Amino acid sequence: MNKLLFNPIRLKIMSSLINNSECDFNYLKKITESTQGNLSIQLKKLKEEKYINIKKKFINNYPKTSCSITEKGKIKFEEFFKILITLKENGK
Amino acid sequence: MNSSRDQIEAIASVINNTRENLKPLSINFIFWGCLVIVMSLFNYAFPSLIESTQYGDVLFWTVLPLIGMILTIYYNIKYRNKTGYETYLNRVIKIIWGVFNLSWIYIIALSFTIKSFHPVPPILFLLGMILIITGLIIKFKPITLGGIFLTIFTFYLNFNPGINLLLVNIIGVSLGMLVPGLSLFYSKSHNKSDE
């Protein structure tokens, strides 16, 4: 089982990114119901493993972070999801 | 959240949180439908005013649509920043209409250099094609039908070259954009609340 995706916050981040071409930091914060610091750490971990891309830009002098899923991230998420389905069918 | 069931539920709840809202697309259609109709009516009613100078009509039909383009791009960026995410469907639609904008600029630039070339028929034909593609992608029949109508209408234009192109614009854009746009705006199945 993929340990990286076993974490609920990281799993929610990946679930959101697999469904959208791009998500902002604030939207991910709302979806994951996590703190700014915790979300930053989880995003960094996913980026280190090349599961996601992080883009930073400034809009009206405010920093804006947006994330998107990579091909590797898509493959890993799909593999993880298939395992979950198998486990669910086996009643675990 | 340890069991596989909990994790699948978490994934489903996150995915369900993304709303495929096509209201901004309908607002774009209504805006462009109204703008082109008002411009065509104005040109039709006051031709001497528009064509008072050598490049009066060219400026009228270039500057105002360019302002319209800037306004719609600004509105779409604002909406994207407000929602905080962009769905794959919205991205595809954005790219398709971006290509249409570029093609529009190309056709207008061509009409500047070739005097006998009138930009209205090719723009309406291209608009018809883009509407068909958009309608099929978002699975909304009025837009597809609007596109089919425009395509047939443009084909008909080739056999009636004497027809007033301002009236063509009004009829084509009303049935190709304004009516489908209003229909999409009031469609409950394609618009979900942001709440």
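All figures in this text were calculated on a predicted structure; none of them were measured in a lab. Chain identifiers are assigned alphabetically (A, B, ...) following the order of the sequence lines, protein sequences preceding nucleic acid strands; residue numbering begins at 1 within each chain.
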Review point. Can you check side chain to side chain contact (heavy atoms under 4.5 Å, CB included) on B:Phe117 and B:Ile107, steps first, answer last?
Key: CA-CA 9 Å; B:Phe117 178 74; B:Ile107 292 168; 3.9 Å; yes
Practice item. Output the residues of residues 34-46 of chain B for which the shortest heavy-atom distance to chain A is under 4.5 Å, in residue-number order; output 'none' if no such residue exists. Key: none
Check your understanding: Using non-hydrogen atoms and a limit below 4.5 Å, what part of residues 35-43 of chain A faces chain B?
Key -> none
Exercise for review: Please state whether the rings of B:Phe100 and B:Trp97 are parallel, tilted or perpendicular, taking 30° and 60° as the class boundaries.
Suggested key: perpendicular
Practice item. Any chance you could lay out the salt bridge (charged side-chain N to carboxylate O under 4.0 Å, His left out) test for A:Lys30 and A:Asp24, step after step, and finish with the verdict? Key: CA-CA 10 Å; A:Lys30 192 179 96 183; A:Asp24 294 347; over 6 Å; no
Exercise for review: Go through the steps for B:Ile143 and B:Phe29 under the test side chain to side chain contact (heavy atoms under 4.5 Å, CB included), then give the verdict.
Suggested key: CA-CA 10 Å; B:Ile143 289 180; B:Phe29 276 21; 3.2 Å; yes
Check your understanding: Are the side chain of A:Asn20 and the backbone N or O of A:Ser16 linked by a donor-acceptor pair below 3.5 Å?
Key -> yes
Using distance only, find each side-chain donor-acceptor pair of residues 77-87 of chain A under 3.5 Å and give its atom names and separation, not counting sequence neighbours.
residue	atom	partner	partner atom	Å
A:Thr86	OG1	A:Lys82	O	2.7

**Study point:** Pairwise distance CG(B:Leu126) to CE(B:Met129) - rounded to 0.5 angstrom
**Key:** 8.5 Å
Practice item. Assess whether atom CZ of A:Phe25 is packed by more than 12 heavy atoms of other residues, nucleotides or ligands within 6.0 Å. Key: yes
Name every donor-acceptor pair, under 3.5 Å, that has one atom in a side chain of residues 64-72 of chain A and the other anywhere in the protein, sequence neighbours excluded.
residue	atom	partner	partner atom	Å
A:Lys64	NZ	B:Asn81	OD1	2.7
A:Thr70	OG1	A:Lys50	O	2.6
A:Thr70	OG1	A:Tyr51	O	3.0
A:Thr70	OG1	A:Gly73	N	3.0
A:Glu71	OE2	A:Lys74	NZ	3.4
A:Lys72	NZ	A:Glu49	O	2.9

